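Side chains are part of it too, since the values below use all heavy atoms of this structure and drop only hydrogens, waters and symmetry mates. In this text, all values refer to a predicted model and were calculated from it rather than measured experimentally. Here is the naming used below: chain letters follow the sequence lines, and residue numbers restart at 1 for every chain.
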2 protein chains.
Amino acid sequence: MEDGTSKSVGSPEGTLGECIEWDLRNGCEVRQILDRVADKWSLLTIALLERQTLRFSELQRQIDGVSQRMLTVTLRQLERDGLVTRKVYPVVPPRVEYSLTDLGCTLLSTIQSLVAWTEEHQAEIAAARAEYDARAAEPVA
Amino acid sequence: MEDGTSKSVGSPEGTLGECIEWDLRNGCEVRQILDRVADKWSLLTIALLERQTLRFSELQRQIDGVSQRMLTVTLRQLERDGLVTRKVYPVVPPRVEYSLTDLGCTLLSTIQSLVAWTEEHQAEIAAARAEYDARAAEPVA
DNA sequence: CGGTATCCGTTCTGATACTG
DNA sequence: CAGTATCAGAACGGATACCG
C-alpha cells in the first residue's frame, strides 16, 4: 500500500474520456480510491451521515445488514481517507460519534446522485434483467 | 428477484437521508444495483463507452488491468441490466461491439461526477492517509 | 458500548487452456 | 477475435469470543 505521494497529481483537464484515459494509463491509485468510495457500505454510511452525527450503534442499526466488523472496517477506512471524523467520549459506557468531514461532504452530492439514479431506474433494470433472463431461457426458438 | 413492477416504485421524495432510510428499511434490491453500478470495472467500462462504441479488445486494452474474464463478466452484467448493448457481427474473425444504451447514458453524468471527484481529491485523500498512518505509528507519544 | 482478534466459509480474480 | 471452462490463491464477510 505505498501511495502515490500526493504531489504527482495534476490530473489533466478535459472531457471525462480524457481523464479516464489518463487515469488508466497511469494505473494510478484513482482506481483504488474509486473502489473505496464506491463501496456498498461506504456509500450508505456517508449518505446516512448527511448533516447528522451518529453513534456507532445508531449507524449499525440503521444500515442493518452490516455486521459489526464490516461497519468498523468501513468507518476506519473512511476515517483514514479523511472523509469521516471519529470522536470518542471518555465516558463509561463508551460513546463514539461519527460525522462527515468537509472532504466527506464534498462527496455527498455525487453519492446522492448515484443513489437517486439507482432508485429512479430500479424498475427499468429489473425489467431489463427479466427480459435478458427470458431471452436466455428460450434461445432463438 | 421479484421485480419492482415499475409502478410500485415511487420512492419517497425529499432529502437523500429520507430516501436512504426508505431504501434501508425495505432492504430492497437497490443495494444490489448500487453494488453493480458502483463496481470498479463497471464504472470504468461505462465511462469509456461515453459517446463511442468499442470492441471487446479495445476495451480490454484501454482498461488495462482487467482480465479477459472480468471484462467479460462485467460486460455481461451490464448487458443484463440494460446498460450496455452487445452487437455481434457474424464475420470471421468475430467482431463484437459494445455501446451504451439510453439507460446507460443516464448514468454517465453521475459516474463522471464520481470519477471527477476521485481525481480532484486524490491528493487530499493521500494526505489524509499519510497523516492517519503516521499518527498510528507514533501513538500518543 | 464499542471495539479488537480469530476462525472459517464464500466470493472474487487472475492465469491458463481450449473453442467457434 | 471473442469468448468459455477450470483451477488455485487472495480478499471479503460473517460469527464468535473477549477486552477496556
d([atom1], [X]; [atom2], [N]) in whole Å:
| X | N | atom1 | atom2 | value |
| --- | --- | --- | --- | --- |
| B:Lys40 | C:dC12 | NZ | P | 13 Å |
| A:Arg69 | C:dA5 | CZ | P | 11 Å |
| B:Glu58 | D:dG3 | CD | P | 13 Å |
| A:Arg61 | C:dC1 | CZ | P | 9 Å |
| A:Asp35 | C:dC12 | CG | P | 13 Å |
| B:Phe56 | C:dG20 | CZ | C1' | 15 Å |
| A:Leu71 | C:dG3 | CG | P | 8 Å |
| A:Arg36 | D:dC12 | CZ | C1' | 13 Å |

Does a side-chain N or O from [X] land closer than 4.0 Å to OP1 or OP2 of [N], or not?
| X | N | result |
| --- | --- | --- |
| B:Tyr98 | D:dG3 | yes |
| B:Arg86 | D:dG3 | yes |
| B:Arg55 | D:dA2 | yes |

Which is more 5' along DNA chain C, the nucleotide nearest A:Pro94 or the one nearest A:Thr72? Just name the residue.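 Nearest-nucleotide comparison on DNA chain C picks A:Pro94.
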Do side-chain atoms of [X] reach the backbone of [Y] as a donor and acceptor pair under 3.5 angstrom?
| X | Y | value |
| --- | --- | --- |
| A:Thr110 | B:Leu114 | no |
| B:Thr101 | B:Gly82 | yes |
| A:Glu120 | A:Trp117 | no |
| A:Glu119 | A:Ala116 | no |
| A:Glu50 | A:Ile46 | no |

Just compare [options] and give me whichever is closest to any side-chain atom of [X].
| X | options | answer |
| --- | --- | --- |
| A:Met70 | D:dG3, C:dT4, D:dG13 | D:dG13 |
| A:Ser57 | C:dG14, D:dA15, C:dG2 | C:dG2 |
| A:Pro93 | C:dG3, C:dC1, D:dT4 | C:dC1 |
| B:Arg76 | D:dT4, C:dT13, C:dT6 | D:dT4 |

If you find the nucleotide of DNA chain D closest to A:Trp41 and the one closest to A:Gln68, which residue's nucleotide is nearer the 5' end?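 Checking each residue's closest nucleotide, the 5'-ward one belongs to A:Trp41.
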With nearest nucleotide decided by heavy atoms, which residue, A:Ser67 or B:Val96, maps closer to the 5′ end of DNA chain D?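 On the 5' side of the pair lies B:Val96.
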State plainly whether the residues A:Arg129 and A:Glu131 are in salt-bridge range, i.e. N to O under 4.0 Å.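 Salt bridge between A:Arg129 and A:Glu131, a charged N being under 4.0 Å from a carboxylate O: no.
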Touch check for B:Tyr89, heavy atoms < 4.0 angstrom, all strands: base, sugar-phosphate only, or nothing?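 No contact.
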Which is it for B:Ile33 and A:Gln122 under the side chain to side chain contact (heavy atoms under 4.5 Å, CB included) test, yes or no, and what are the steps along the way? CA-CA 8 Å; B:Ile33 296 175; A:Gln122 211 188 141; 3.9 Å; yes
So if I take the C1' atoms of five pairs at each end of the helix from C:dC1-D:dG20 to C:dG20-D:dC1 and get each local axis, what angle do the two axes make, rounded to 10 degrees?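 Comparing the axis at each end, I get an angle of 40°.
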Decide side chain to side chain contact (heavy atoms under 4.5 Å, CB included) for A:Leu83 and A:Leu100; before the verdict, give the C-alpha distance in whole Å, the side-chain angles of both, and the deciding distance to 0.1 Å. CA-CA 6 Å; A:Leu83 299 172; A:Leu100 290 182; 5.6 Å; no
